[in-house]
Q: 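Next up is a structure, given as structure tokens.
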Amino acid sequence: MSTIIDQNLVARHNGQLQANLHADYDALAGVLSRRGVDIETLTVHAQQFAVALPSWGAGTGGTRFARFPGKGEPRNVFEKLDDCAVIHQLTRATPGISLHFPWDRTDDPKALREQAESHGLYFDAVNSNTFQDQQGQEHSYKYGSLTAQSAATRAQAVQHNIDCIELGRALGSKALTVWIGDGANFPGQHNLRGSLERYLDSMRSIYAALPDDWQVFIEHKLFEPAFYATTIADWGTSFACAQQLGPKAKCLVDLGHHAPNTNIEMIVARLAQFGKLGGFHFNDSKYGDDDLDSGSINPFQLFLVFNELADAAQREGASFKTANMLDQSHNVTDPIESLMSSAVEVQRAYVQAALVDRAALRGHQEANDVLQAAQTLKQAFRTDVSPILAMARQRSGGAIDPVGAYRAAGYREQAAVARPARAGASSSGIV
Ligand code: LRH
Ligand code: MN
């Protein structure tokens, strides 16, 4: 596997941190063994963790007001891939990349696949885009895409999704994520039932085009860009549609797509119970779809989501799998640093959830010992598993301190030289 950053530099950087890591690791091993937990089991568990990177997160993001590009912005999908390779080289937790079409369209998927495989990377779910109009596009999506009144517009949107499946197949992907912004801004603008009937009709055509070993993920979102009624606004609508479509249709939970204070871990438990939990777009938010770094605002919620995944895995065994992806917008940080620290925060929640004493928890629940039940969860969340995450990275050939090693390597400065900034004022929009 070829690496982008000099692996000797990473080894030297690890060398400076080795002794402290081992001291912290041994101390934590002591704490956990008093709880009857073998730290080595958790470190192996951590090494098995993987979360896919959003290609669109490799560049600086923005809002409708403005986007302030950083230095050395990736200018095409191949440079986004290089940046993702750096993130995986240092965290060893992000082997998958989720592409977005047409933002990542390429005429040479073979070369893209070869570049990815040369860095030990693969392509996770691909994302279609019928929430923007492309140059020369015949029918506008201003009034909707898969739910548009115009049959020609719907057909165009369906065909785009089928094209995404074809491109995804050439790249080795096994799933399509369909998020549409379709909806209404005014009561009366839409017949609410009619728009969902048209959605299902369009999705049936997309479903029919799925290869046997593929899945389609329906991504719900409460609002934005529609501000009165979004066609796929919540997990209930997404679930009902996935049921209607068939076994290859599952629901994708983007953590930022809910009203404030929504109990997202309960949505996860419900979708898992009914066999329709397909995957996640991890991020964090305080108000709306803020697309902030995972675990940066509400790490306890992230832990509770993984606690539900651990419960489902205990019930269903190794066959229980979800497609885990990040979906974030990095407006004021170096995207590579944010994606590295976010992948580590999601991995942290995954390991903390494995620390939950599930037998004790069930005992307290069955005995209605409310406080002990709550404390059993909190004990796992309060446990600082950083030494386990760092040891897992080091044993997998990564960096004990990914951001430290990245900065020491001067990758961003080199990219700024190799990728001269495009002149012109700052634009707006998420990418
Ligand atoms: C919609 C969304 C969706 C992507 C887009 C970049 O808000 O979460 O997953 O297609 O962001
Ligand atoms: Mn998303």
Side-chain angles (χ1 to χ4, degrees), residues 27-49 51 220 234-236 238-240 242-243 247 250-253 255 258-280 282 284 294-295 297-324 345-389 392:
L28 180 58
V31 170
L32 295 180
S33 69
R34 285 200 298 277
R35 294 184 204 168
V37 175
D38 171 11
I39 195 170
E40 287 304 321
T41 314
L42 288 172
T43 304
V44 170
H45 188 66
Q47 287 178 279
Q48 289 153 355
F49 172 81
V51 64
H220 61 272
D234 54 36
W235 78 274
S238 173
F239 175 73
Q243 290 274 71
K250 297 274 182 75
C251 306
L252 183 141
V253 178
L255 271 59
H258 307 86
N261 305 324
T262 296
N263 188 327
I264 297 173
E265 59 272 19
M266 189 162 73
I267 293 173
V268 170
R270 297 284 179 270
L271 289 170
Q273 178 173 355
F274 301 126
K276 280 298 184 185
L277 181 62
F280 291 91
F282 291 112
D284 214 333
S294 299
I297 303 289
N298 189 350
F300 190 50
Q301 173 180 265
L302 187 60
F303 162 76
L304 292 173
V305 165
F306 274 89
N307 177 54
E308 292 306 327
L309 295 177
D311 180 77
Q314 188 180 55
R315 290 164 179 273
E316 295 165 41
S319 64
F320 176 78
K321 285 211 175 348
T322 55
N324 299 335
E345 288 316 302
V346 179
Q347 186 183 35
R348 181 187 306 283
Y350 173 75
V351 171
Q352 288 174 325
L355 251 181
V356 174
D357 183 337
R358 313 209 78 81
L361 179 63
R362 195 169 33 260
H364 297 318
Q365 290 167 340
E366 288 163 0
N368 293 316
D369 187 340
V370 176
L371 188 95
Q372 286 302 9
Q375 284 308 315
T376 303
L377 271 193
K378 264 300 186 68
Q379 182 191 52
F381 177 69
R382 274 199 306 267
T383 305
D384 180 0
V385 297
S386 303
I388 290 172
L389 305 179

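Not measured: the values here are computed from a predicted model. Keep in mind that the numbers below use all heavy atoms, side chains included, and drop hydrogens, waters and symmetry copies.
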Q: With rounding to the nearest 0.5 angstrom, report the CD to CZ distance, Q273 to R270.
A: 6.5 Å

Q: Roughly how far, to the nearest 0.5 Å, is the OG1 atom of T376 from the CG atom of L371?
A: 9.0 Å

Q: Report the distance from atom CG of L304 to atom CG of N263, rounding to the nearest 0.5 Å.
A: 8.0 Å

Q: Which heavy atom in R358 sits nearest to a heavy atom in A353, and how many Å separate them?
A: NH1-O, 3.6 Å

Q: Could you grab the distance from atom CG of L355 to atom CG of L32, nearest 0.5 Å is fine?
A: 5.5 Å

Q: With side chains defined as the heavy atoms from C-beta onward, is the minimum distance between V356 and L377 less than 4.5 Å?
A: yes

Q: Between CG of L309 and CD of Q314, what distance do you get to the nearest 0.5 Å?
A: 13.0 Å

Q: Do the side chains of Q379 and D357 get nearer than 4.5 Å, heavy atoms only?
A: no

Q: Tell me if a side-chain donor or acceptor on T43 pairs with a main-chain N or O of I39 at a distance below 3.5 Å.
A: yes

Q: Going by heavy atoms in the side chains, are V346 and F49 under 4.5 Å from each other?
A: yes

Q: Please list, chain by chain and in numerical order, all residues satisfying ring-ring contact (aromatic ring centres under 6.0 Å, His included) with F282, sequence neighbours excluded.
A: F280, F306

Q: Just how far is it from atom CD of Q301 to atom CG of D284, taken to the nearest 0.5 Å?
A: 6.5 Å

Q: On a heavy-atom basis, which atom in H258 and which in I264 lie closest, and how many Å separate them?
A: ND1-CD1, 3.6 Å

Q: Going through the checks in order, is the side-chain contact (heavy atoms from CB on, under 4.5 Å) test met by F303 and E265?
A: CA-CA 9 Å; F303 162 76; E265 59 272 19; over 6 Å; no

Q: Does CZ in R382 sit with more than 12 non-hydrogen atoms of other residues, nucleotides or ligands closer than 6.0 Å?
A: yes

Q: If I compare all heavy atoms of A269 with all of E308, which pair ends up nearest, and what's the gap?
A: CB-OE1, 3.4 Å

Q: Could you check if a side-chain atom of T383 sits within less than 4.5 angstrom of a side-chain atom of Q352, using non-hydrogen atoms only?
A: no

Q: Among residues at least two apart in sequence or on other chains, which ones pass side-chain hydrogen bond (donor to acceptor under 3.5 Å, both in side chains) with Q372?
A: none

Q: With a 4.5 Å limit on heavy-atom distance, are the side chains of V51 and Q347 in contact?
A: no

Q: Before we go on, tell me: are the rings of H220 and F239 under 6.0 Å apart, centre to centre?
A: no

Q: Shortest non-hydrogen contact from L277 to A272?
A: CB-N, 3.8 Å

Q: Less than 4.5 Å apart, any side-chain heavy atom of L28 and any of I388?
A: yes

Q: Less than 4.5 Å apart, any side-chain heavy atom of R348 and any of L389?
A: yes

Q: Looking at F300, does the NZ or CZ of K378 lie under 6.0 angstrom from its six-membered ring centre and within 45 degrees of the ring axis?
A: yes

Q: Locate the shortest heavy-atom distance separating S319 from E316; write the atom from each residue and the value.
A: OG-O, 3.1 Å

